[in-house]
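All values below come from the heavy atoms of this structure, side chains included, with hydrogens, waters and symmetry mates left out. We count ligands from 1, going down the list as the structure has it; atoms in each ligand are counted the same way. Sequential numbering from 1 along the given sequence is applied to the chain's residues.
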Amino acid sequence: MKPRPIVAGNWKLNKGPAEARAFGEALAGRLGDVPRSKVDVIVAPPFVSLPALKPQGFFSGAQDVYWEDKGAFTGEVSPAMLKEIGVDYCIVGHSERRQLFGETDRTVNLKVSALLAKGIRPILCVGEKLEERKAGIMYNVVRFQLSAGLFDVSIKNPEDIVVAYEPVWAIGTGNVATPQQAEDMHEVIRQSLEKRFGIDDGGRIRILYGGSVNGDNIEGLMDKDQINGALVGGVSLDLDKFISIINLIAKREK
Ligand code: PEP
């Protein structure tokens with residue numbers, strides 16, 4: 001049986017506290033008809049909007065974190081602080097952080113470990129650049145990101161961690177990966193996870209696809225065995241469009 005799917009919205013640098021509060025209330029209302037057992041919904045706003053979101057029937061996620069609990073690290077936010085305000089998930093290693101803010105596989109690994117130690121579930125993002133795909137090295141790139149990001153990491157159960165495959169060339173471009181391109185990479189990720197955590201846990205860790213997902217392409221992606229949901233950027237800012245993806249996924253679950 002496939003694990004329960006996830007639809008996660010990454011708002012990036014959009015929506016301050018007032019908009020987040022209104023969105024959270026409206027989303028909670030609209031999710032009333034969607035059985036909780038069918039799909040886990042996560043919304044990841046900017047840090048300052050997390051307390052306003054007030055998740056009901058869905059989960060909150062941060063978009064980044066620092067790995068130390070406290071200290072002289074100006075501008076940073078710790079896992080302990082996220083825990084204190086009830087954050088459930090945290091995106092780590094998003095390609096925008098890797099490309100624009102110097103995130104490395106080493107810092108990704110420190111963040112993943114620090115989050116797990118505080119009981120926050122990391123959403124570990126991996127994905128190749130266009131030139132890496134053109135050079136045919138995409139599977140090795142992603143295998144390396146995974147093994148480095150998960151170095152020395154242990155989990156208690158398969159829901160503790162989520163992996164998001166986000167090809168860089170598909171993020172915010174409208175160029176969604178074909179279902180088969182995504183599935184081929186998800187199979188590679190699944191094999192790595194099974195090797196790393198064992199068949200039982202590794203076989204049930206949720207692997208999301210991210211990159212220009214919308215209501216028109218989500219079903220083709222979800223038809224694939226190893227695709228366990230979506231990390232949605234731009235489209236997650238629009239409540240109706242976000243809900244329609246959630247409904248399409250929930251409807252498929254028995
Ligand atoms: C993302 O930022 O994680 C993402 C997938 O963005 P988009 O859906 O806009 O491509």
Practice prompt. Please indicate whether F73 has more than 12 foreign heavy atoms, meaning atoms of other residues, nucleotides or ligands, lying under 6.0 Å from its CZ.
Written response: yes
Discussion item. Filter on ring-ring contact (aromatic ring centres under 6.0 Å, His included), then keep only pairs touching residues 145-170, sequence neighbours left out; what's left?
Written reply: Y165-H186
Item to complete: For atom NZ of K2, decide whether the heavy atoms of other residues, nucleotides or ligands shown that lie under 6.0 angstrom number more than 12.
Response: yes
Worksheet item: Touching ligand 1 at all, A230? Heavy atoms, strictly under 4.0 Å?
Response: no
Practice prompt. May I ask whether L231 has any heavy atom positioned less than 4.0 angstrom from an atom of ligand 1?
Written response: yes
Fill in: Nearest neighbour in protein (non-hydrogen) for atom 5 (C) of ligand 1
E166 OE2, 3.1 Å
Worksheet entry | Ligand-residue contact atoms, ligand 1 with S212, heavy atoms, under 4.0 Å | 7 (P), 8 (O), 10 (O)
Worksheet item: For ligand 1, which atoms have a heavy atom of G172 less than 4.0 angstrom away?
Response: 7 (P), 9 (O), 10 (O)
Item to complete: Among all protein heavy atoms, pick the one closest to atom 1 (C) of ligand 1 and tell me residue, atom and distance.
Response: H94 NE2, 3.2 Å
Worksheet item: Do Q180 and K224 have side-chain N/O donor and acceptor atoms under 3.5 Å apart?
Response: yes
Practice prompt. Find all atoms of ligand 1 within a distance of less than 4.0 Å from any non-hydrogen atom belonging to G211, and give their numbers and elements.
Written response: 5 (C), 10 (O)
Worksheet entry | Polar contact flag for G233 and ligand 1 (N/O pairs, less than 3.5 Å) | yes
Discussion item. Within the 4.0 Å heavy-atom shell around G234, which atoms of ligand 1 are there?
Written reply: 7 (P), 8 (O), 9 (O)
Worksheet entry | Donor on one side chain, acceptor on other, R252 and N247, under 3.5 Å | no
Discussion item. If you count heavy atoms of other groups shown closer than 6.0 angstrom to CD of E84, is the number above 12?
Written reply: no
Practice prompt. Give the intermediate values and the outcome of side chain to side chain donor-acceptor pair (under 3.5 Å) for residues E103 and T107.
Written response: CA-CA 6 Å; E103 185 86 278; T107 57; 2.5 Å; yes
Worksheet item: When rounded to the nearest 0.5 angstrom, what is the spacing between CG in L116 and OG in S154?
Response: 7.5 Å
Response to the item:
Honestly, for A164 the part within reach of ligand 1 (heavy atoms, under 4.0 Å) is neither
Item to complete: Mind checking whether N10 contacts ligand 1 via backbone (N, CA, C, O), side chain (CB onward), both or neither, at a 4.0 Å heavy-atom cut-off?
Response: side chain
Response to the item:
The atoms of ligand 1 lying under 4.0 Å from a heavy atom of A170, numbered in the order shown, are 10 (O)
Discussion item. With a sphere of 6.0 Å drawn around CD of E68, does it hold more than 12 non-hydrogen atoms of other residues, nucleotides or ligands?
Written reply: yes
Worksheet entry | Within-cut-off N or O pair, K12 and ligand 1, under 3.5 Å | yes
